[in-house]
There are 2 protein chains.
Amino acid sequence: MITTELLEKHGALKKMFAKNETIFGEGNLPSHYYQIVSGEVKMCNYNDDGREFIQGIFYKDQSFGEPPLFLNQNYPANAIAVEGSEVLILPKNNFMKLLEENPAVSIKIIEHLAQRLYYKSVMAVEISTQEPEHRILKLIDHGIVYFNFKKDENGHLINFTRQQIGDLTGLRVETVIRAIKSLEKKGVLKIIDRKVYR
Amino acid sequence: MITTELLEKHGALKKMFAKNETIFGEGNLPSHYYQIVSGEVKMCNYNDDGREFIQGIFYKDQSFGEPPLFLNQNYPANAIAVEGSEVLILPKNNFMKLLEENPAVSIKIIEHLAQRLYYKSVMAVEISTQEPEHRILKLIDHGIVYFNFKKDENGHLINFTRQQIGDLTGLRVETVIRAIKSLEKKGVLKIIDRKVYR
DNA sequence: ATTGTTTTATGATTTAAATCATAAAGTGGA
DNA sequence: TCCACTTTATGATTTAAATCATAAAACAAT
């Protein structure tokens with residue numbers, strides 16, 4: 001999103017996070033801008049009885065956690081490394097200075113927020129009014145466009161576990177498994193070697 | 001958000017929409033920036049069997065429908081006047097010119113998008129993992145801060161119908177009515193003359 | 001004033017997804 | 001290679017919210 005050079009010019013540092021390590025926690029006040037160099041980061045919540053909800057999954061070159069940074073509000077969710085991940089971290093003041101000096105970056109930020117909002121709008125209506133199969137298919141089709149699902153001779157490989165699909169759609173893992181089976185029977189996706197293709 | 005003078009200087013026109021009139025429809029390509037002068041506008045979806053989901057409700061001075069405008073994507077929801085509403089409308093090209101000439105407006109836009117994203121994140125986890133009473137209370141408490149609920153001697157008047165609360169939380173109106181009754185019994189809110197206070 | 005529509009309200013019944021239980025297959029680390 | 005853990009899988013049971021039915025109160029329009 002923002003080039004490594006520009007970030008480092010303003011004082012960004014690279015930091016390594018191990019698998020399952022927390023980058024920042026729900027309820028904390030933001031102090032830095034975060035951008036992924038390599039790896040995979042999820043933003044998620046846990047409800048009262050430990051149930052997880054994944055707000056989003058972020059990959060190489062994507063930033064995360066900006067909204068509360070701009071609003072001076074506490075983080076509404078946790079950021080956790082899904083796998084070992086390298087992240088560029090820039091203090092808020094430096095980030096704001098970078099923005100002032102580079103108006104084109106503002107537009108990039110607006111576009112990224114708009115993209116996130118678009119996903120949230122689409123999934124909100126799915127989660128609250130549609131049935132499991134519909135929700136899962138919407139998530140998958142969105143993922144094909146916006147996540148980095150690779151295409152081979154079987155179609156796009158949906159690089160999510162059943163549990164992750166559940167945590168992204170508000171469904172239980174058993175429900176996801178059964179819905180995916182049913183979708184396969186209907187011929188709208190393929191299951192090869194337990195992996196889902198669309 | 002953006003002053004009327006600045007918008008009109010760039011060619012914005014005021015347009016009146018009647019109650020229940022559609023301002024733009026799901027699936028259409030955005031061509032204008034919209035900002036409310038007076039009245040109330042909802043963004044909403046209808047699923048296959050006509051069930052409504054309200055993405056958000058917007059009031060005086062707020063803009064709506066910017067994300068797809070920036071992304072050149074189709075609107076993911078409808079915009080409908082909840083009551084007779086006056087709206088300032090500015091063609092996209094003029095809006096982009098306005099943005100270029102007024103960098104401070106970019107920051108305003110970022111803040112507005114960040115605020116919307118914050119609400120979406122909070123409600124997404126509620127809708128997908130929390131029980132009805134919890135969801136409704138979260139919506140109400142968010143509304144007290146960000147919607148224009150007036151405070152009097154009974155507390156904040158929650159200016160939503162039970163049906164609207166249901167459409168915002170993904171619950172059926174009967175469930176909302178029962179949950180609100182239960183919350184009143186628990187003493188966390190008041191029902192006076194059928195109106196909800198918190 | 002009368003009529004039609006919306007909003008709030010309650011009880012009975014249904015149902016879809018969650019929960020519970022159990023297990024096989026796959027994966028990663030010591 | 002063995003052990004622990006994760007992921008996928010399936011059947012049985014439970015349950016919370018949706019659905020269905022009905023109605024009173026409130027409000028809006030003529």
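By convention in this document, chain letters (A, B, ...) are assigned in the order of the sequence lines, proteins followed by strands, and residues within each chain are numbered from 1.
Whole-Å rounding puts the B:Glu83 CD to D:dC27 C1' distance at 16 Å. The nearest whole Å value for the distance from the CZ atom in A:Arg172 to the C1' atom in C:dC20 is 12 Å. Atom CG of A:Asp167 and atom P of D:dT8 are 12 Å apart (whole Å).
When all heavy atoms are compared, the tightest approach of A:Asn47 to B:Thr129 is ND2-O, 3.0 Å.
Between the side chains of A:Lys120 and B:Gln55, not a single donor N or O lies within less than 3.5 Å of an accepting N or O.
A distance of 12.0 Å separates CG in B:Asn159 from CD1 in B:Ile144, rounded to the nearest 0.5 Å. Atom CD in B:Gln164 sits 11.5 Å away from atom OG1 in B:Thr169 (nearest 0.5 Å).
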Using a cut-off of 4.0 Å between protein heavy atoms and nucleotide atoms, how would you tag nucleotides 4-12 of chain C 5' to 3' with B, S and -? ---BSBBBB

So what does the secondary structure string of DNA chain C come out as, 5' to 3', with Watson-Crick or wobble pairs under 3.5 angstrom, [ ] for crossing and | for pairs with another strand? ||||||||||||||||||||||||||||||

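The backbone N or O of A:Gly155 sits nowhere less than 3.5 Å from a side-chain atom of A:Arg198 that would complete a donor-acceptor pair.
Heavy atoms from other residues, nucleotides or ligands lying under 6.0 Å from CD of B:Glu131 number 12 at most.
Using cut-offs of 30° and 60° for the angle between ring planes, the A:Phe149 and A:Phe160 rings count as perpendicular. By the 30° and 60° cut-offs, the orientation of the rings of A:Phe147 relative to A:Tyr59 is perpendicular.
At D:dA17, none of the side-chain N or O atoms of B:Thr175 fall inside 4.0 Å of OP1 or OP2 (strictly under the cut-off).
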Polar atoms only, N or O, under 3.5 Å: list the protein pairs with nucleotides 28-30 of chain C and their distances.
none

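Looking at B:Lys42 and B:Glu52, a side-chain N of the basic residue comes within less than 4.0 Å of a carboxylate O on the acidic one, giving a salt bridge. The pair B:Lys186-B:Glu133 counts as a salt bridge, with a side-chain nitrogen and a carboxylate oxygen less than 4.0 angstrom apart.
Among the heavy atoms of the strands, none lies under 4.0 Å from B:Gly166.
Considering only residues two or more places apart in sequence or on other chains, B:Ser31 meets the side chain to side chain contact (heavy atoms under 4.5 Å, CB included) condition with none of them.
Neither A:Ile54 nor A:Phe58 shares a network with the other; the hydrophobic side chains, linked directly or stepwise wherever heavy atoms of I, L, V, M, F, W or Y lie under 4.5 Å apart, form separate groups for each.
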Under 3.5 Å, which donor-acceptor pairs link side chains of residues 81-95 of chain A to any protein atom two or more places apart or in another chain?
from	atom 1	to	atom 2	distance (Å)
A:Ser85	OG	A:Glu40	N	3.0
A:Ser85	OG	A:Glu40	O	3.3
A:Ser85	OG	A:Glu83	O	2.7
A:Lys92	NZ	A:Leu69	O	2.9
A:Lys92	NZ	A:Asn72	OD1	2.7
A:Asn94	ND2	A:His10	O	2.8

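For DNA chain C, the residues of residues 119-135 of chain A within the heavy-atom distance limit of 4.0 Å (strictly under) are A:Glu131, A:Pro132, sorted by number.
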